[in-house]
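Notes follow the structure.
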Amino acid sequence: MNATRTRPKRLVHKAAPQLKVLYVCTEVYPWLKTGGLADVSAALPPALRLAGLDVRVLVPAFPALAQAASVCGAPIALPPGTADGPGPRADTAGTAAPWLQPANWHNLTTADASTCTPQVYLLHAPGLLDQPGNPYTDASGQPWPDSARRFAWLGWAAARLGTGLDATWQPDVVHGHDWHTGLSAAYLHALAERGQRVPATVFTIHNLAYQGIFGPEVMAPMGLPASQFGLRGLEFHGNVSFMKAGLQYSQALTTVSPTYASEITQPEQGHGLDGLLRERQAQLHGILNGVDGAVWDPQADALAPHAYSASNLAGKAVAKAALQIDMGLQADPAALLFVVVSRLTDQKGLHLLPQVVDELVQRGGQLAVLGEGDATIEQALRACAQRHPGRVALHKGYSEALAHRMVAGGDVIMVPSRFEPCGLTQLYGLRYGTLPLVRAVGGLADTVTDCSLENLADGSASGFVFHRLDADDLARAVRRAFALHARPADWQAVQRHAMGLRFDWARAAQAYAGLYAQLAQDVL
Ligand code: ADP
């Protein structure tokens, strides 16, 4: 496997005693990625290790992850997992073989394995987690019928690792990410109620809109105590909610930006869980995501061939010309090139785009979209491309390489989201001098500063920000982008400022480390 990531050698400051953290997630870039969570899970565990924590990762052995492990690391034998106690019943295991094997992926992510690459536990569950395709949904976008079982296993495995399954390594903190890991806290809570010593628990919300809700019939086979099926447990309007389990039973909650941490405590963005989140507000922290400089760096991007920097932007013009050719747009260096790299979902506010496309083109701009998802949004964008050949282009699909070339070659990256927990593409845009045009929600509000006259005057401007989720407000931001572009010196000053901003993982890792330390102290 070709490792695209290299990291600088850094000295590790080892706190004594070194806290052990089990990081539980379902996707890791570059092996398995459906969204920003994969980028986070590739970058945060190594950053935590650099911050001096002993972090290990638990992931399901989905085929892409199992394949990566089989190529790169020999599994080490662990005692077979047992299906006793709270947890999926024996019939869900369907096998007496070891279902949990740690695999050392040290040579997957970096040459600097000794310092920052975490060991990975790969959760095997034959017939359950080894199905091909997207880990969450079938080809038509419907959740897999055995989703509850899949992620109950993951939660149970986390709880077992948290309580001594690996005699050589027992975590002080179990840190789950998104609903797929929500049951780990529920199982640990059940074990604690039986008198077992359990680690501290942290649960991070990457997107509250996806909650993992299943009918009440899943409760019994999951092996959780019936008492958890209630208002103060994981019951949600008569169903089982994995997200609510994580929110209810974890000691600390985090989400990926300060603004989203506050937005989700209100009905508009609370997805029915705002009441619980208001109750737990004192334990809810907003910790902004970062940019992995080993993957996203305009001076050394393995997937975007034309390097450039804030002090020498010549390569950016070449990247733009190449992108125009790639996307079938007219070769037009003067055209203001707007790009979108996104899942095409209701969340992303892209239904507004077709309403501003005509004006964008009339003003001499171009639009290139890379994305896949909702058929209605896709059709509307395709109609725009047909109406404006050579000026608007849609590439339907998922392409990591094209995403890098879009971020490098664009002038403006649009993220007009309805809601946005953090958003990574605007951070990549900033780093690449591709000015973000964003709606002021969630992490977008926390990371982009509008090019208003006063912000231009004090040098803080880094992009274009609009507020209302309507085409008029979006169109005004598009006009601001054209107005700034007509003043090349100001445009470049904003670009340079944006490229100098640093949203790095070291800062986020320090914040998580502080939280872990506080929790571990309370547990001890
Ligand atoms: P979300 O997790 O809600 O999809 P983020 O902005 O947090 O949004 O992260 C999206 C990640 O997925 C980024 O790394 C972005 O570059 C990538 N991405 C989104 N759509 C595509 C696509 N069609 N092709 C390649 N990468 C994509």
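- Using cut-offs of 30° and 60° for the angle between ring planes, the His175 and Tyr512 rings count as tilted.
- Between Phe482 and Phe464, the distance separating the two ring centers is not shorter than 6.0 angstrom.
- Going from atom CE of Met414 over to atom CG of Leu367 covers 6.5 Å, rounded to the nearest 0.5 Å.
- A heavy-atom distance below 4.5 Å is not found between the side chains of Thr425 and Val407.
- Rounding to the nearest 0.5 Å gives a distance of 5.0 Å between OG of Ser417 and CG of Leu444.
- Of the possible donor and acceptor atoms, none in the side chain of Lys316 sits under 3.5 Å from a partner among the backbone N and O of Pro298.
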Q.
Let's go through Leu381 and Leu344 carefully: what are the C-alpha distance in whole Å and the side-chain angles of both, what is the deciding distance for side chain to side chain contact (heavy atoms under 4.5 Å, CB included) to 0.1 Å, and is it a yes or a no?
A. CA-CA 10 Å; Leu381 290 169; Leu344 305 182; 4.2 Å; yes
Q: Check the pair Tyr29 / Asp292 against side chain to side chain donor-acceptor pair (under 3.5 Å), numbers first and verdict last.
A: CA-CA 11 Å; Tyr29 174 84; Asp292 188 343; over 6 Å; no
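- Under the 4.5 Å side-chain criterion, counting only non-hydrogen atoms from C-beta, Val57 is in contact with Cys25.
- Residues Tyr428 and Val291 have side chains in contact (heavy-atom distance under 4.5 Å, counting atoms from C-beta outward).
- By the side chain to side chain contact (heavy atoms under 4.5 Å, CB included) test, Asn134 is found to be paired with Thr34, Tyr136, Thr137, residues two or more places apart in sequence or in another chain being considered.
- Ala461 and Val494 get closest at one heavy-atom pair: O-CG1, 3.4 Å.
- Of the possible donor and acceptor atoms, one in the side chain of Arg278 sits under 3.5 Å from a partner among the backbone N and O of Thr265.
- From His285, atom NE2 reaches atom OG1 of Thr254 across 8.0 Å, with rounding to the nearest 0.5 Å.
- The heavy-atom pair separating Val448 from Val465 by the smallest distance is O-CG2, 3.7 Å.
- Heavy-atom contacts from other residues, nucleotides or ligands closer than 6.0 Å to CD of Glu454 number more than 12.
- Side-chain atoms of Gln347 and Asn207 include a donor-acceptor pair closer than 3.5 Å.
- The CZ atom of Arg431 lies 12.0 Å from the CG atom of Leu424; values are rounded to the nearest 0.5 Å.
- The main-chain N or O of Leu37 is never found under 3.5 Å from a side-chain atom of Glu27 such that the two would form a donor-acceptor pair.
- Side-chain atoms of Arg382 do not come within 3.5 Å of backbone N or O of Lys396 as any donor-acceptor pair.
- When all heavy atoms of Asp473 and Phe466 are compared, the closest pair comes out as O-CB, 3.5 Å.
- Taking all atoms of both residues into account, the shortest heavy-atom contact from His306 to Ala319 is CD2-CA, 3.8 Å.
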Q | Intermediate values then yes/no, side chain to side chain contact (heavy atoms under 4.5 Å, CB included), His404 and Val295 | A | CA-CA 9 Å; His404 280 248; Val295 179; 3.8 Å; yes
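- Counting heavy atoms from C-beta outward, Leu435 and Gln495 have side chains that approach closer than 4.5 Å.
- With rounding to the nearest 0.5 Å, the separation of CD in Glu372 from OG in Ser399 is 10.5 Å.
- Partners of Tyr398 by ring-ring contact (aromatic ring centres under 6.0 Å, His included), not counting sequence neighbours: none found.
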Q.
Walk me through whether Met499 and Leu313 qualify under side chain to side chain contact (heavy atoms under 4.5 Å, CB included).
A. CA-CA 11 Å; Met499 293 175 82; Leu313 287 162; 3.9 Å; yes
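- Residues passing the ring-ring contact (aromatic ring centres under 6.0 Å, His included) test with His271, sequence neighbours excluded: Phe419.
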Q. Should Ser309 and Ser311 be marked as a side chain to side chain donor-acceptor pair (under 3.5 Å) after you check the CA-CA gap, both sets of side-chain angles, and the distance that decides it?
A. CA-CA 5 Å; Ser309 65; Ser311 56; 3.3 Å; yes
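- By the ring-ring contact (aromatic ring centres under 6.0 Å, His included) test, Trp179 is found to be paired with Phe151, Phe214, Phe242, residues two or more places apart in sequence or in another chain being considered.
- Here the CG-CG distance, from Leu337 to Asp332, works out to 9.5 Å after rounding to the nearest 0.5 Å.
- Using a distance-only test at 3.5 Å, with no hydrogens or angles considered, no donor-acceptor pair links the side chain of Lys33 to the main chain of Asp39.
- Contact of the Leu277 side chain with the Ile205 side chain is registered, since non-hydrogen atoms from C-beta on lie closer than 4.5 Å.
- Distance alone, capped at 3.5 Å, is enough to place a donor-acceptor pair between the Tyr308 side chain and the Tyr432 backbone.
- Leu303 has its side chain out of reach of Leu402: every pair of non-hydrogen atoms, C-beta onward, lies at least 4.5 Å apart.
- Panel note: side chain Arg439, backbone Lys348; no donor-acceptor pair is recorded below 3.5 Å.
- Aromatic pair His177/Tyr23: ring centres closer than 6.0 Å.
- Residues Cys422 and Leu288 have side chains in contact (heavy-atom distance under 4.5 Å, counting atoms from C-beta outward).
- Remark: side-chain polar atoms of Arg507 are not paired, donor with acceptor, to backbone N or O of Arg502 under 3.5 angstrom.
- Contact detail for Val412 and Ala481: the closest heavy-atom pair is CG2-CB, 4.4 Å.
- Under the rule for a side chain to side chain contact (heavy atoms under 4.5 Å, CB included), the partners of Arg479 that lie at least two apart in sequence or sit in another chain are Glu359, Arg363, Ala475, Arg476.
- Here the closest non-hydrogen pair linking Ser257 and Gly443 is OG-N, 3.2 Å.
- Checking side-chain atoms of Asn455 against main-chain N and O of Asp450 turns up a donor-acceptor pair under 3.5 Å.
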**Q.** Criterion side chain to side chain contact (heavy atoms under 4.5 Å, CB included) on Arg418 and Val441, from CA distance to verdict
**A.** CA-CA 7 Å; Arg418 187 183 293 276; Val441 283; over 6 Å; no
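- Inter-residue side-chain proximity for Ile264 and Leu284 is flagged as met; some heavy-atom pair is nearer than 4.5 Å.
- Residues satisfying the side chain to side chain contact (heavy atoms under 4.5 Å, CB included) criterion with His497, sequence neighbours excluded, are Ser462, Leu501.
- A salt bridge links Asp358 with Arg387: the closest approach of a Lys/Arg side-chain nitrogen to an acidic carboxylate oxygen falls below 4.0 angstrom.
- Side chain of Asp146 to main chain of Arg150: no donor-acceptor pair is present (N/O by atom type, distance under 3.5 Å, no hydrogens or angles).
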